Amino acid sequence: MSMIPLVDLAAQHAAVAQEVASGWQEVLAQTAFVGGPAVAAFEREYAAFTGTPHCAAVANGTDAIEIALRALGVGHGDECILPANTFIATAEAVCRIGATPVLADCADDDTYLIDTAAVEAAVTRRTRAIIPVHLYGQAAPVERLLQLADRIGAWIVEDAAQAQGARRNGHGAGSLGHAAATSFYPGKNLGAYGDAGAVMTGSDDVAERVRLIRDHGSPRKYQHELIGVNSRMDTLQAVVLSAKLRRLAAWNAARREAAARYDTALAGLDDVIRPRTLAGNEHVWHLYVIRVPDRDRVLRELTAVGIGAGIHYPAPVHRTPAFASLGQADLTYPVAERTASELLSLPLFAEITAEQQDRVVAALTSALRRRTGRRVPAEVTTGP
């Protein structure tokens, strides 16, 4: 029996292969490999998709966070508050501008979004930015953080890498704060065929600074207004992203249907804590993340029968050797620390079938049944 991957990039490529090949041929004929019309077109398209006035394409998502912070004037000696349960790039970008990452716990046990009360408790006179992460496909409660930011004179920079197409209270992720960063890493809902990213903002001034910083501080060749970086999107990636963007809404709808099937199928498993959508959110299910006891054993058993489950993320930021220098290893972020050993990502992609999900649920049920003294139904399916 074939393996069910965590994400099926081959199936996604099949849907855009002809359009991408045609677009690449045009780029090759024009020899416009960096920047050019294809990148500008994608920037306009993605700005319209997210509901932001400006989108500036960059080389990757980590650069996008760093450049957004720099464009807002955040730098050496400042503090940036971010969730403890995030991919390490969020904290890395803060360090790369000479600022200090300050961690906050996540709010509860089934959305895992940043705790606004913990953010407020972490504020100091050096706080210059708050970086809410739109985790697993849904937006953090940015409106509450904006009120805090306005009060203390700080910026909100969304990490929207996992929420392409998500909406909160009717507004697109990426349009909720003062600026936003996203990654188009291949496994994202909108993924390139390599690394790519973007910064979104509603500010003309911030957008201008982002475009300067990403291209050696240069508004035109050999004129340099400030010290920037080399973080430009390859034109070939823009072609891929434009082709996929035209299908993203439909793909996200298919992800929502698949997530609903999981919700129904897993409702009877007492050992499974299913994810919850925060009120006001339209989820795009970048990942379907559950909590299970004895997670590592369950993962091994799923892998052994060809189920490509995964872990996002095995350790909070402060528990990684890279950030031991924060001196926070002995601090407690109770939800982030408790859930890190229990979270399990199930296969989820737009093309997943009900039959594939039945296999996932059956394998998960079998693994959980090995725990004695727990009620686990003998048969659970996703339905027709």
Side-chain angles (χ1 to χ4, degrees), residues 2 5-64 67 160-165 172 174 180-200 207 210-216 218-222 228-255 284 286 348-353:
S2 62
L6 182 65
V7 57
D8 193 342
L9 296 182
Q12 189 179 84
H13 171 65
V16 298
Q18 186 172 353
E19 187 174 344
V20 167
S22 175
W24 280 7
Q25 285 298 321
E26 186 174 342
V27 171
L28 293 172
Q30 295 173 344
T31 66
F33 301 119
V34 178
V39 173
F42 172 71
E43 290 176 329
R44 291 191 299 271
E45 293 159 2
Y46 197 68
F49 181 80
T50 57
T52 51
H54 301 284
C55 169
V58 297
N60 57 70
T62 311
D63 282 1
I67 292 171
Q162 297 188 15
Q164 293 148 345
T182 195
S183 165
F184 300 119
Y185 185 77
K188 297 294 191 278
N189 287 36
L190 181 61
Y193 288 176
D195 273 318
V199 176
M200 287 74 67
V210 167
R211 293 189 172 101
L212 285 174
I213 293 168
R214 72 177 176 180
D215 192 11
H216 302 289
S218 176
R220 59 189 61 85
K221 194 171 184 178
Y222 300 135
V229 297
N230 179 6
S231 185
R232 299 169 295 200
M233 181 184 286
D234 293 341
T235 309
L236 295 173
Q237 303 303 341
V239 169
V240 173
L241 293 169
S242 285
K244 288 188 173 185
L245 182 58
R246 285 186 271 277
R247 297 161 172 84
L248 183 56
W251 285 345
N252 284 343
R255 285 174 177 268
V284 294
H286 173 59
L348 183 68
F349 42 92
E351 301 81 8
I352 197 168
T353 66

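All heavy atoms count here, side chains included; hydrogens, waters and symmetry mates do not. On a predicted model such as this, the values are computed, not experimentally measured, just so you know.
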**Prompt:** Minimum heavy-atom separation for A64 to V58, with atom names?
**Reply:** CB-CG2, 3.8 Å

**Request:** Look at the side chain of S183 and the backbone N and O of G197, then say whether any donor-acceptor pair between them is shorter than 3.5 Å.
**Result:** no

**Message:** Check whether R255 reaches the backbone of W251 with its side chain - one donor and one acceptor, N or O, closer than 3.5 Å.
**Reply:** no

**Asked** Rounded to the nearest 0.5 Å, how far apart are CD1 of I67 and OG1 of T62?
**Response** 10.5 Å

**Request:** Using a 4.5 Å cut-off on heavy atoms from C-beta on, say whether the side chain of V229 contacts that of D63.
**Result:** no

**Prompt:** Is a donor on one side and an acceptor on the other found under 3.5 Å between the side chain of S22 and the backbone of Q18?
**Reply:** no

**Prompt:** Is there a side-chain contact between M233 and E43, using heavy atoms and a 4.5 Å cut-off?
**Reply:** no

**Request:** Answer yes or no: is there a donor N or O on one side and an acceptor on the other, between the side chain of Q12 and the main chain of L190, under 3.5 Å?
**Result:** no

**Item:** Over all atoms of both residues, closest heavy-atom pair of V239 and A38
**Value:** CG2-CB, 4.1 Å

**Message:** Testing the basics here: between Q164 and N252, what is the closest heavy-atom pair and its distance to 0.1 Å?
**Reply:** O-ND2, 3.0 Å

**Nearest heavy-atom neighbours spanning C55 and A198** = SG-CB, 3.8 Å

**Request:** Could you tell me whether the side chain of N189 and the main chain of V284 form a donor-acceptor pair under 3.5 Å?
**Result:** yes

**Asked** Backbone N or O of A57 within a donor-acceptor pair of the R214 side chain at under 3.5 Å?
**Response** yes

**Separation of L241 CG from F42 CZ (nearest 0.5 Å)** = 4.5 Å

**Asked** Is the count of non-hydrogen atoms from other residues, nucleotides or ligands lying under 6.0 Å from Y185 atom OH greater than 12?
**Response** no

**Message:** I'd like to know if the side chain of D234 and the backbone of Q237 have a donor-acceptor N/O pair within less than 3.5 Å.
**Reply:** no

**Message:** Just so I know, are the side chains of V240 and W24 near enough to count as touching, which here means a heavy-atom distance under 4.5 Å?
**Reply:** yes

**Request:** Drop me the distance from F184's CZ to N60's CG, to the nearest 0.5 angstrom.
**Result:** 11.5 Å

**Request:** First locate atom NZ of K188, then atom CD of Q162, and finally report the distance between them rounded to the nearest 0.5 Å.
**Result:** 6.0 Å

**Fill in**
Sorted by chain and residue number, the ring-ring contact (aromatic ring centres under 6.0 Å, His included) partners of Y193 (sequence neighbours excluded) come out as H13

**Asked** What is the minimum heavy-atom distance between R211 and A56, and which atoms define it?
**Response** CG-CB, 4.1 Å

**Request:** Give a yes or no answer on whether the side chain of T50 reaches the backbone of A47 with a donor-acceptor pair at less than 3.5 Å.
**Result:** yes

**Request:** Identify the two heavy atoms, one from T235 and one from V34, that lie closest to each other, and give their separation to 0.1 Å.
**Result:** OG1-N, 3.2 Å

